[in-house]
Structures are given as C-alpha cells and as structure tokens.
Amino acid sequence: MNRYVAFFLAIVLFPPAFAQEKPEISGYISGMPSIITQQSANEVWWQGLAHNRLNFGWQWAEAWRVDISVRNRLMFGSEALLSPEGTDRDAGWVDWSWNWAQGKQVLGNTAFDRLYITFEKNEWKLQLGRQRINWGQNFVWNPNDIFNTYSFFDFDYVERSGCDAFRATYYHNETSSTEWAAAVDREGKTTAALLHHWNRKRFDYQLIAGEQAESDWVLGGAWSGDFGGLNFRGEFSYFHPIRPMKDTAGTVAVSVGADYIFRNSLMLQAEVLYNNVGKTFSDGGLMGLYSAPLSAKYLSVCDWTLFGQASRPLTARLNASLSGMYFVDIRSCYAGVSLDFSLANNLDLSGIVQYFSALSGSELGDMQALLGFLRLKYSF
Amino acid sequence: MKQLIVILFLLWGISLQAQQLTATEIVKKADENSHGKSVCSEIKMTIVRPTWTREISLKSWSKGDDYMLALVTAPAKEKGQAFLKRQKDLWNWQPAIGRMIKMSSSVMGQSWMGSDFTNDDMVQQSSSVNDYTHRLEATEKVREFECYKIVLIPKEEAAVVWGKVVMWISKAGFIEVKTEFYDEDDALINTFNGYDVKSYGNRRLPSRMEVVPADKPNQKTVMTVLKYDFDIAIDDRFFSQQNMKRVK
C-alpha cells in the first residue's frame, strides 16, 4: 500500500526536464441544491453540494503518461443524507478518500478516483493504478462492467469511481483488441478477466471470461451495431459460484436495448433487463437503487426491469429528456425529467426531477419518493 | 472534299466533347480539390444564434473517402472527444466516461454538437461522388465565380441524409462555392457558402464556410480554417480505435 503511494509520488516528482509536453489540467466546479421527500419518512430533506473535479494528465515521454483525477465535495444540510462512513473509505484496495470536514450537518470529502500510469508502445498498452475499466456497451445496465459498478440514477457522477488495477491491452488491428485486467478491492479480493473485442459487418462484438471478487466465475459478451439506422445493443453475463461449484445455481444478467434518432432530433431509447436476483428491495426500498449495486451480478431489485427514454434538443441551448423505468415483479416505477440549459460556452444549468413510486398492489406498500436537483456547472 | 470537311467537323466535335467535362467529373474534381489524397486540418466553428454564440475547436485527419479521425479541442466540456470513421463504421470516444460508442447511421442527419452542420457534413460518411447521380443543369455566376450548377440525386441503395443536393462549383479551380441541401419533399433545409478563397499549396479553397438553415435565417454556423495540410503521409493504421483514445 505504502509502496503504491511512493510509486506514484516518484512519478509525479519525476524531473520535469524530460517532459515532452506540458501537463493538461481540466475539470469543473458545480453547485447543486437538492430536496428529497419520502412519503414513508414523512419528512423533507435538503442538501447543498459544492463539487469540484480536477483532472491532471501528463505525457512526460513518448510512451509514458500519468493521469490523476480528484473529486472534492462539500455537502451540507439534512443529517439523514450524509453518510460519513460511506465516503471516508472508498471501495478500492488502497483508500484514496478522506473526510476533512465532518459535523452534524456538514461533510467535506476529497477522493482520488483516477491515479494511474500508462505505458503505450506499438500495439501494447499497459495501465497500472486507480482507473476506470469500462467494459459496458449498453446504456443503462451493464452486465459486462464487472470492475466498477454504478447507479444509473447518480447523474452527477458520470466519470464513475475507479478500481485499483493492472490492465494490459493488445491491439490486433485498427478495430480489434484483447484486454486482460486484474483489480483488488477493499477486502483484498481480486477480480480478473479477459476481454476480446472485434468488429464484423458493421457490428462490434466482445466476449469476456474471468472471475469476480474470488466468488464467481464470469462468462459474458456484448454486441453493438446498426440495424437500418437503429442502434441495437445487448450485453449478457453468467455468474457461477466458485465454491461450491457443484449443486449451485448461477446468476444471469442480460440487457438488450435499442435507440433511434428521428429527423426532428427526437431520440428514443428502450432497454430491457433480465437479472434473476429475486426480489432484493428490502434494504431501503427503491431508494436502495440510489447507491451503486454491489456488483454487475445485481443490477436491479427484481427479475425484470424495463426502461424507456425520450430526449430532444428543444433549442440549440436547451435539451430536454424524459425517462421511465418499470420494475415488473414488484410493480414499482421510476420517472425522471431533466432539462439542461447552456448559459455560456462553459456554463450549464440543469434541473432534474426523479420520482419513485410503488403502484397499487405492490409489495412495497405505499412507497413514494420525490427528488429535485438544480445544478450550475462551470467546466474548465 | 466534302467528306474531308465532314471528317474534320466530326473530329472538331470529338475534341470539343473531350474538353466538356461530365457532371460527375466536375464533382469528382471538386471533391479531390477539397480533400486531396489526405488532409490534416484545424478548424474553429462558431455557432451563431440571435442572442448568443458558441465556439468549438476541432482537429481532424482524413484519407480518401474511407478514413477520418476528428478530435474536439475546445470547449472544455467536450475536449478530448473523438470521432473515428472507417468505411461505413463510425465510433465516438468519450474520455470522461472511458467509453467508445458505436454510432448508427440515424445520427448522420443530426446536428453536429449543436451546430448547423450535420454529423454527415463532419465525418462525410456519404460521398458526393459515389453516393449520388449527377446532372449538369446550367452555368451560373455566384458572387465573383463562374460556376457549374450541378444537381445531385442520391442513388437508391446509398444511405444518404438528403433528398437532393444542388452544388455550384467554380469553373476555375473547381471550388465548391455554394451548395443547397433539400429533404425528400424537395424543401430547402440548409445553404452552404464558401468565402475568402485562399491558396493552400497548389489548391484554392474557401477559408470560411457558412451554413444557414432555411427556416431560421437569423442563425448560422461559421467554420473558419486555421490550418490545412494536404497530401500528408499518413498510414491507414492511424485511423484506429487505439489512436482515437490518444491522438493530440
């Protein structure tokens, strides 16, 4: 662990005399007030969030590069929405997250979610450190995304968390590659897998094989391509317990989706997920969806989930989108509205409403939750 | 003697024909003039709306009709995004989420990053030479240029955004001076104009291009050429998924 720290410090402090290019710095700063009402709690919670992201990239030699991204957040407001334990230790092998302000109604946190070096020469690319390994092909549910999981509803964190990993990629040609990656999580458990990606007749395909968190064997694959203008994607994984191998049932996650853009710029998207997890909504009801799922094995809270979205630029500066999800087996739904307005070249204002509700006859009873967010974001 | 006159007359006719270019040849020459064998360019795009403007900077490399790689260099939010075209396949690399997205042909008619240019204008998935039939309709003067007016009708099997395209190509230098884009109902959608013709090596090309949507005459998108390097030595392997993630 300490060696990991020392290793990167050495890289950052590497004599800049050898640097071929200047470091690149980018990121954003945003302010986002939000309110949450949950019928069961019969209470209204609010939160203010100041959020800053800094990306630092430095190509210090032809083949060598270092990337570091840090996320600084200051949250204040209702105590029920703050989870200091959750942010003080991240999910990686090395803890790169710190709470620097912690009070009854305030929480300040800094977390490094990217911290890795890249060596790239000819057809080879090697990456070591905290990185995002994104093997997903679909829009909402990604059974192949076995290294980092995320919640679809967490719209304010598109970059997603990273994992502590080593990844080797070999490019066979311009459109085909093979990757091997291994990551260690906070419990010291390893996830390791191989991915092969290729293109044939206007479709991209991939196959993955490996093990997840030393508990399951994983076999999966995905496709993505054009079907007469329709973007057609699919992704599937089969998880089978390593111990005991025999007499145990596996878990299947399959998502199939399509999207189409009409002449008037209206984009329609649909996706279906089958994940034989049974009904796993007990902790936190539908709000449990908000936290990232434990693994790519558990992508929803019931077997069948449907998703649909319509989005369209209303003017060149204003984009609107309407989305919905239906949790078939527990008769519950989600509806979301999002408006994004470009105030200036690098300044955006967004309004987001998310609504979760159990329908009549649902086992969840009379559950309803409404979340509203207003975000001002400056990118640099 | 009579026969000789007839023969001479015929020969004269044939030589005239040889000088007379066909519509397809004219479009081909204009295409060659603006693309060369390969080209590397740096472009600034300004989206102009009645109350605001937005700027996008772009670096792109292309080779023939088949290969293209474009990198967005500004604004900050979109910086690092890349587009790769290989024949009819198209991908978009989004560095922020670490993901390569396969793009379908239905995005071709859509606005490129909120501008009045379409995705097809930017990546040129359709070819003005191969995907259309051409008809020379007239010779007309556009601003200071004597032009061939050519009507392009998409071939049946071609995946083309437009119902009809009308091009004005200058007689001298084969410069695309003006182009009108029509939908399938023959309604004018966009008008392209090329201004400020400059010399780039032995070519002459507009250094400022404007697209104005027909139904919104008070808005436009202006593309300014900052750099054009023609016929650079570039390998097919440059246009790869590996390179789209690291190109600068």
Side-chain angles (χ1 to χ4, degrees), chain A residues 21 24 26-28 55 57 59 65 114 118 120 123 125 131-137 158-160 162 169 171 173-177 197 199 202-204 223-233 259-263 265 267 313 315-317 319 342-346 348 377-380, chain B residues 47-49 51-56 67 69 74-80 84 86-91 94-111 113-116 119 159 161 183-184 189 213 216 219 221 235-246 248:
Chain A
E21 287 180 49
E24 312 140 28
S26 64
Y28 54 79
N55 305 310
Q59 182 102 34
R65 182 182 166 87
R114 303 287 187 276
T118 303
E120 191 166 12
E123 294 81 20
K125 184 171 174 178
Q131 56 190 295
R132 167 88 169 110
I133 301 176
N134 190 347
W135 285 0
Q137 290 282 337
V158 292
E159 299 84 6
R160 314 300 183 191
T169 309
Y171 292 92
N173 57 42
E174 293 86 333
T175 56
S176 158
S177 58
H197 170 96
N199 172 267
R202 305 196 64 189
F203 265 73
D204 279 1
W223 72 86
S224 174
D226 190 346
F227 221 71
L230 187 80
N231 229 331
F232 180 54
R233 304 190 190 94
D259 57 71
Y260 191 83
I261 306 181
F262 293 86
R263 287 218 155 214
S265 295
M267 181 174 177
T315 71
R317 298 168 85 180
N319 199 76
S342 165
L343 291 168
N345 246 349
N346 291 315
D348 295 278
K377 187 170 175 178
Y378 174 75
S379 307
F380 56 86
Chain B
I47 303 165
V48 181
R49 297 293 178 263
T51 53
W52 64 285
T53 59
R54 176 177 142 88
E55 271 182 12
I56 301 170
Y67 304 106
L69 181 58
K77 202 170 70 170
E78 276 98 10
K79 191 179 170 180
L84 172 69
R86 293 186 59 85
Q87 279 103 23
K88 297 288 174 192
D89 280 305
L90 197 65
W91 294 273
Q94 305 238 353
I97 59 171
R99 189 157 154 185
M100 197 175 63
I101 297 166
K102 183 95 171 60
M103 292 169 80
S104 77
S105 55
S106 69
V107 304
M108 282 305 122
Q110 299 303 311
S111 148
M113 294 183 82
S115 72
D116 298 303
N119 282 308
V161 175
D183 68 8
E184 281 122 352
I189 303 295
K216 292 168 193 121
Q219 67 181 49
T221 299
D235 194 81
D236 287 0
R237 291 210 66 160
F238 179 88
F239 302 92
S240 69
Q241 292 177 349
Q242 180 182 19
N243 205 27
M244 96 191 271
K245 297 174 188 175
R246 67 174 173 190
K248 279 201 176 46

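Chain identifiers are assigned alphabetically (A, B, ...) following the order of the sequence lines, protein sequences preceding nucleic acid strands; residue numbering begins at 1 within each chain.
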Engineer: Tell me which of these, A/Thr118, A/Leu230, A/Thr169, A/Asp348, has more heavy-atom pairs under 4.5 Å with chain B than the rest.
Structural biologist: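 If we count pairs closer than 4.5 Å to chain B, A/Asp348 comes out on top.
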Engineer: Please classify the contact of B/Lys245 with chain A as side chain, backbone, both or neither, using a heavy-atom distance under 4.5 Å.
Structural biologist: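 Just the side chain, heavy atoms under 4.5 Å.
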Engineer: Of all heavy-atom pairs between B/Ala96 and A/Arg114, which one has the smallest distance, and what is that distance?
Structural biologist: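 Looking at all heavy atoms of both residues, the closest pair is O-NH2, 4.3 Å.
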Engineer: Give the minimum heavy-atom separation between A/Arg233 and B/Ile101, together with the two atoms involved.
Structural biologist: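 Looks like NH2-CG2, 4.1 Å.
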Engineer: Name the region of A/Asn55, side chain, backbone, both or neither, that has any atom closer than 4.5 Å to a heavy atom of chain B.
Structural biologist: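 For A/Asn55, there is no contact with chain B at all, as no heavy atom is under 4.5 Å.
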Engineer: By a 4.5 Å heavy-atom criterion (distance strictly below it), what part of B/Phe239 contacts chain A: side chain, backbone, both, or neither?
Structural biologist: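 Looking at B/Phe239, just its backbone touches chain A.
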Engineer: If I compare all heavy atoms of B/Val107 with all of A/Ile261, which pair ends up nearest, and what's the gap?
Structural biologist: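 Residues B/Val107 and A/Ile261, closest heavy atoms: CG1-CD1, 3.3 Å.
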Engineer: Are A/Lys125 and B/Arg246 side-chain neighbours, meaning at least one heavy-atom pair lies under 4.5 Å?
Structural biologist: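 Counting from C-beta outward, A/Lys125 and B/Arg246 never come under 4.5 Å.
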Engineer: Distance check, rounded to the nearest 0.5 Å: B/Gln241 atom CD versus A/Asp204 atom CG?
Structural biologist: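 The CD atom of B/Gln241 sits 6.0 Å away from the CG atom of A/Asp204.
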Engineer: For chain B, which candidate among A/Arg160, A/Gln131, A/Glu159, A/Met267 shows the most heavy-atom pairs at distances under 4.5 Å?
Structural biologist: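 It is A/Glu159.
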Engineer: Do B/Thr51 and A/Arg317 touch side chain to side chain, with heavy atoms closer than 4.5 Å?
Structural biologist: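 B/Thr51 vs A/Arg317: side chains touch.
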Engineer: For B/Ser106, give me all partners under side chain to side chain donor-acceptor pair (under 3.5 Å), at least two apart in sequence or on another chain.
Structural biologist: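 In terms of side chain to side chain donor-acceptor pair (under 3.5 Å), with neighbours along the sequence ignored, B/Ser106 is linked to B/Ser104.
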Engineer: Among B/Arg49, B/Met103, B/Lys79, B/Glu55, single out the residue with the greatest number of heavy-atom pairs under 4.5 Å to chain A.
Structural biologist: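 Greatest number of close heavy-atom pairs with chain A: B/Glu55.
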Engineer: Can you say whether B/Met244 sits under 4.5 Å from chain A via the side chain, the backbone, both, or neither, judging by heavy atoms?
Structural biologist: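 Contact with chain A involves no heavy atom of B/Met244 at all.
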Engineer: Starting at NZ of B/Lys102, measure out to CZ of A/Arg202 and round the result to the nearest 0.5 Å.
Structural biologist: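 The CZ atom of A/Arg202 is 6.0 Å from NZ of B/Lys102, to the nearest 0.5 Å.
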Engineer: Of the non-hydrogen atoms in B/Met100 and A/His197, which two are nearest, and what is the gap between them?
Structural biologist: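 Smallest heavy-atom distance, with atoms named: CE-NE2, 3.9 Å.
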Engineer: Taking all non-hydrogen atoms of both residues, which atom of A/Gly136 and which atom of B/Arg99 are closest, and how far apart?
Structural biologist: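 Heavy-atom minimum between the residues: O-NE, 3.4 Å.
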Engineer: What part of A/Ser26 is in contact with chain B, defined as an atom under 4.5 angstrom from a non-hydrogen atom: side chain, backbone, both or neither?
Structural biologist: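 Neither; nothing under 4.5 Å.
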Engineer: If we define contacts as heavy-atom pairs under 4.5 Å, which of B/Gly80, B/Gly98, B/Ala74, B/Pro95 has the most with chain A?
Structural biologist: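 Going by pairs under 4.5 Å, I would pick B/Gly98.
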Engineer: Assess the residue pair A/Asn199 and B/Asp89 against the criterion (side chain to side chain contact (heavy atoms under 4.5 Å, CB included)); give the C-alpha distance rounded to whole Å, side-chain angles, the decisive distance to 0.1 Å, and a yes or no.
Structural biologist: CA-CA 9 Å; A/Asn199 172 267; B/Asp89 280 305; 3.3 Å; yes
Engineer: Ignoring hydrogens, what is the shortest heavy-atom contact between B/Lys77 and A/Asn346? Give both atom names and the distance.
Structural biologist: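 Scanning both residues completely, I find the closest heavy atoms to be N-OD1, 4.3 Å.
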Engineer: Name all residues meeting the side-chain contact (heavy atoms from CB on, under 4.5 Å) criterion together with B/Asp183; count only those two or more places apart in sequence or in a different chain, and write none if there are none.
Structural biologist: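 In terms of side-chain contact (heavy atoms from CB on, under 4.5 Å), with neighbours along the sequence ignored, B/Asp183 is linked to A/Arg263, B/Asp185, B/Ala187, B/Ile189.
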Engineer: Taking side chain as everything from C-beta outward and backbone as N, CA, C, O, which of these in B/Ile56 sits under 4.5 Å from a heavy atom of chain A? Side chain, backbone, both or neither.
Structural biologist: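 When you check distances to chain A, no heavy atom of B/Ile56 falls under 4.5 Å.
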Engineer: Report which part of A/Phe262 has an atom under 4.5 Å of a heavy atom belonging to chain B: side chain, backbone, both, or neither.
Structural biologist: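 For A/Phe262, the contact with chain B is made by the backbone alone.
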Engineer: Show the numbers, then the answer: is there a side chain to side chain contact (heavy atoms under 4.5 Å, CB included) between B/Lys248 and A/Gln59?
Structural biologist: CA-CA 11 Å; B/Lys248 279 201 176 46; A/Gln59 182 102 34; 3.4 Å; yes
Engineer: I'd like to know whether CZ of A/Phe380 has more than 12 heavy-atom contacts from other residues, nucleotides or ligands below 6.0 angstrom.
Structural biologist: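 Check passes, neighbour count above 12.
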Engineer: Please say which of A/Glu123, A/Glu174, A/Glu120 ends up in a side-chain hydrogen bond (donor to acceptor under 3.5 Å, both in side chains) with B/Gln242.
Structural biologist: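 Going through A/Glu123, A/Glu174, A/Glu120 one by one, the side-chain hydrogen bond (donor to acceptor under 3.5 Å, both in side chains) with B/Gln242 is satisfied by A/Glu120 alone.
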Engineer: Taking atom CG of A/Leu343 and atom CH2 of B/Trp52, what is their separation to the nearest 0.5 Å?
Structural biologist: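 Result: 10.5 Å between the selected atoms.
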